[in-house]
Structure formats: structure tokens, C-alpha cells
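For this chain, numbers begin at 1 and follow the sequence in order. Atoms within a ligand are numbered from 1 in the order they appear, just like the ligands themselves. The figures that follow rest on heavy atoms only: side chains count, while hydrogens, waters and symmetry mates do not.
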Amino acid sequence: QQTKERSKSRKRSREASRARSANGRLGAQEFTFGDTLGEGSYSTVMRARYIRTGQEYAIKILDKNHLIRKDKMLVALAEKNVLVKLGAGHPGIIHLHWTFQDEWSLFFVLDLASNGEMQSRISRLGSLSLTSSRYYAAQIVDALEYMHGKDVIHRDLKPENLLLDDQFRIKITDFGTGKILENGADRAKTFVGTAQYVAPELLESNETSKSSDLWAFGCIIYQMISGRFAFQGLSEYLTWQKIKSLDYTFPDGFDEDAKDLIRRLFVHDPTQRLGAGGPDSAHSYAALRAHPFFASVSWETLWTDPAPLLEAGL
Ligand SMILES: C[C@@H](Nc1nc2c(c3cc(-c4cn[nH]c4)ccc13)C(=O)N=C/C2=C\CC1CC1)C(C)(C)C
């Protein structure tokens, strides 16, 4: 019923904005809409072509009535603020080009990541080779350092939110749970995240920090290499128990350097995780980049080198 309602409202909004083409403002009528790429909780992301230039984009469409009824208008605007704050400053982060609205919907015009979600690649291949895992882990580190440098925490990092562009490079997306840490605060106070990637401090004191993203990063490396969750119980509650008690093991054959890196991310104290310390600390981003697991990574050409062939691992 909701989907029907949403598609009806989308049709209406396209008609309405067609009617308003006279004023030349950017409107939905300037795009040809393609297939639906993904559904968020309050949004739909569709492939779209900007008629004037032929350029393809992803357009996130949010139904205003739905947002108002569910009191999520501020969430949508917060996401927009995070995307604006991140700007076009980093190749590993989905860039917001424009926004516009009509009577029924908000439209965010964003980069198209034409090779879709990392999650579907890992599921299809089972796991990623060490070379691919290392390459993507390095790109995530690079993008996280930029994001955290802007005092933005993602808070729901997971393979579904790691997209791949036409060159198979990482594009981090879905900042719907993203948070801008105001005036130097280093913690935020709301519960978000997906069970298998949630850091212990979120479960114990309902706080997220930049370091919570580094915990999730550890879960992502583990999953890319092994094709399994680091923390997975028979229920969400049991998964959380495993997280709080750091109850995880590595499958046979797991790369030793990767194990060491993951052990330095799966640290209960958020301030002691590799990457969580300030620039001069032993846990700085520089120390994270210098970890032996990344020894063969060329950080300077990370975004210009061709991506390694995506192949199965363990
Ligand atoms: C994670 C997200 N899924 C997606 N969000 C975005 C995509 C995207 C593309 C494909 C895709 C492309 N080809 N084949 C699949 C599959 C899923 C996508 C994109 O290209 N550009 C921006 C996006 C999001 C922008 C961000 C502000 C929200 C959810 C499920 C939340 C809709």
C-alpha cells in the first residue's frame, strides 16, 4: 500500500514539476528516471539521467508527507547537512550535487555508484581475495580519515553502505544516521547501527564516537576476508553479548597481518582503537596506515590506480 502510495505521489510530483518547468529551476522534469537502485526507510534511490547533459545520477526521493507523518523531516535535513558538509572533498564519499523539491517530494541528486553495493559482491563471491580486501580496506581508511577530520561520524558503516563506482572504487553512502559532532564534542547520544557492526560502547553507554566507525571497519575487514560476520549470535541479543565480551575467532587460514589489525580495532576501550587517537598518539590514523597489513598499499595513488580484479578469497 505504501509503495503504491509512494509511486502515485512520485507520478504526481513529476506531473506537477513538469507544469512548473517555465521558471527554469531544477526540477524532476529535467531528468529521465530509470530503475530503483535501493530503498531506504524513508526514501527511494533511483537512477536518473539529467536530460540537458546526458549525465547519469542517483536521485534520492523522500516523500514529504511520509517524513512529516513519521516526524523524520529533521533526519532528512540532517542527512543533507552531513552530505553538504562532506561536499565533493573526497573520492570515496558519495557527493550531493543538488537538491530540489516539489509539492510532494524532496530530491537529492547524488553520484551514481554504477557497480552497486559491496554487500552483493561479497555475497556473490563468498569472500574477497586478500588483494581486494586490502585495497578496499585502504580506501575505507582514507575516506574515514577525511570524514572524521570533518567531525562527521557515519554510525552505520556496513557493506550495504559501501558502494562501488564505475571504476570499482569505494563510495561510502547512506549518511541517514550520520552525525556532525557539534563544537568539538567527541560523542553523540543516540542509538543507531546494525546489530553485527555495533560497537560495545553503543550497547553499554548508548554513545557513538568516531571510534565506533573504526569498530565497524574491523567488522567489515573480517567479513571481506572470511565472508562471515565477526560477531553473530542466534539472536540480536546474543550477537550483542558476543560484542560486549569480544567473543570472536578467526577461521583457519585467515591472514596473520589482517588478524593483528583486527585485534587492534576490536578493542573495548574506544580511545585505544587504532585510528582513534589524535595525530601524535600511537593510535593515530598515521599509525593505522602504517600497519603491516597495508605495507603493500600505495596511499598516494590509491584513488588513481586501477582496482584489483574482484575475486573470491578464503
Ligand atoms: C544504501 C542505499 N543504496 C544505494 N544508495 C545509493 C546508490 C546505490 C546504487 C546501487 C546500484 C547501482 N547500480 N546497481 C545498484 C544500489 C544501491 C544504492 C547510488 O548509486 N548513489 C547514491 C546512493 C545513496 C545516496 C545516499 C544519500 C543516501 C540505500 C539502500 C539506503 C538506498
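Between atom 20 (O) of ligand 1 and the options G38, G34, A113, the minimum heavy-atom separation is to A113. When the heavy-atom distances from atom 26 (C) of ligand 1 to I94, T173, L96 are ranked, the shortest goes to T173. Comparing L112, I172, D111 against atom 21 (N) of ligand 1, the shortest heavy-atom distance belongs to D111.
Looking from atom 6 (C) of ligand 1 to the surrounding protein, the closest heavy atom is L163 CD1, 3.4 Å. For atom 30 (C) of ligand 1, the closest non-hydrogen atom of the protein is E39 O, 3.8 Å. Nearest to atom 11 (C) of ligand 1 among the protein's heavy atoms is G116 CA, 3.5 Å. Looking at atom 3 (N) of ligand 1, its nearest protein heavy atom turns out to be E117 OE2, 3.6 Å. Distance from atom 13 (N) of ligand 1 to its nearest protein heavy atom, with residue and atom name: S114 O, 3.4 Å. The protein atom (non-hydrogen) at minimum distance from atom 27 (C) of ligand 1 is E79 OE2, 3.2 Å.
Heavy-atom contacts of A58 reach the following atoms of ligand 1: 19 (C), 20 (O), 21 (N), 22 (C) (cutoff under 4.0 Å). Using a 4.0 Å cut-off to heavy atoms of N161, the atoms of ligand 1 that qualify are 1 (C). Using a 4.0 Å cut-off to heavy atoms of V45, the atoms of ligand 1 that qualify are 6 (C), 32 (C). In the vicinity of E160, heavy-atom distances shorter than 4.0 Å reach the ligand 1 atoms 1 (C).
The local environment of CD1 in I68 is crowded, with over 12 non-hydrogen atoms from other residues, nucleotides or ligands closer than 6.0 Å. Heavy-atom contacts from other residues, nucleotides or ligands closer than 6.0 Å to NZ of K259 number more than 12. Residue R169 qualifies as enclosed at atom CZ: its count of foreign heavy atoms under 6.0 Å is above 12. No more than 12 heavy atoms of other residues, nucleotides or ligands shown are found within 6.0 angstrom of NZ on K80. By the neighbour-count criterion of 12 heavy atoms within 6.0 Å, atom CG of D269 is densely surrounded, having more than that number from other residues, nucleotides or ligands.
Contacts with ligand 1 closer than 4.0 Å are made by heavy atoms of both the backbone and the side chain of D174.
Within the 3.5 Å criterion, the main-chain N or O of I61 finds no donor-acceptor partner in the side chain of S105. Remark: the backbone N or O of D280 is not paired with any side-chain donor or acceptor of S284 at under 3.5 angstrom.
Taking the six-membered ring where tryptophan is involved, the planes of F294 and F217 are essentially parallel, since the angle between them stays under 30° and well short of 60°.
Using a 4.0 angstrom heavy-atom cutoff, R47 counts as in contact with ligand 1.
Remark: F266 engages W215, F231, Y248 in a ring pair (Phe, Tyr, Trp, His ring centres under 6.0 Å) (not counting sequence neighbours).
Looking at L37 next to ligand 1, no N or O pair under 3.5 Å apart turns up.
Using a 4.5 Å heavy-atom threshold, the side chains of D260 and F293 count as separate.
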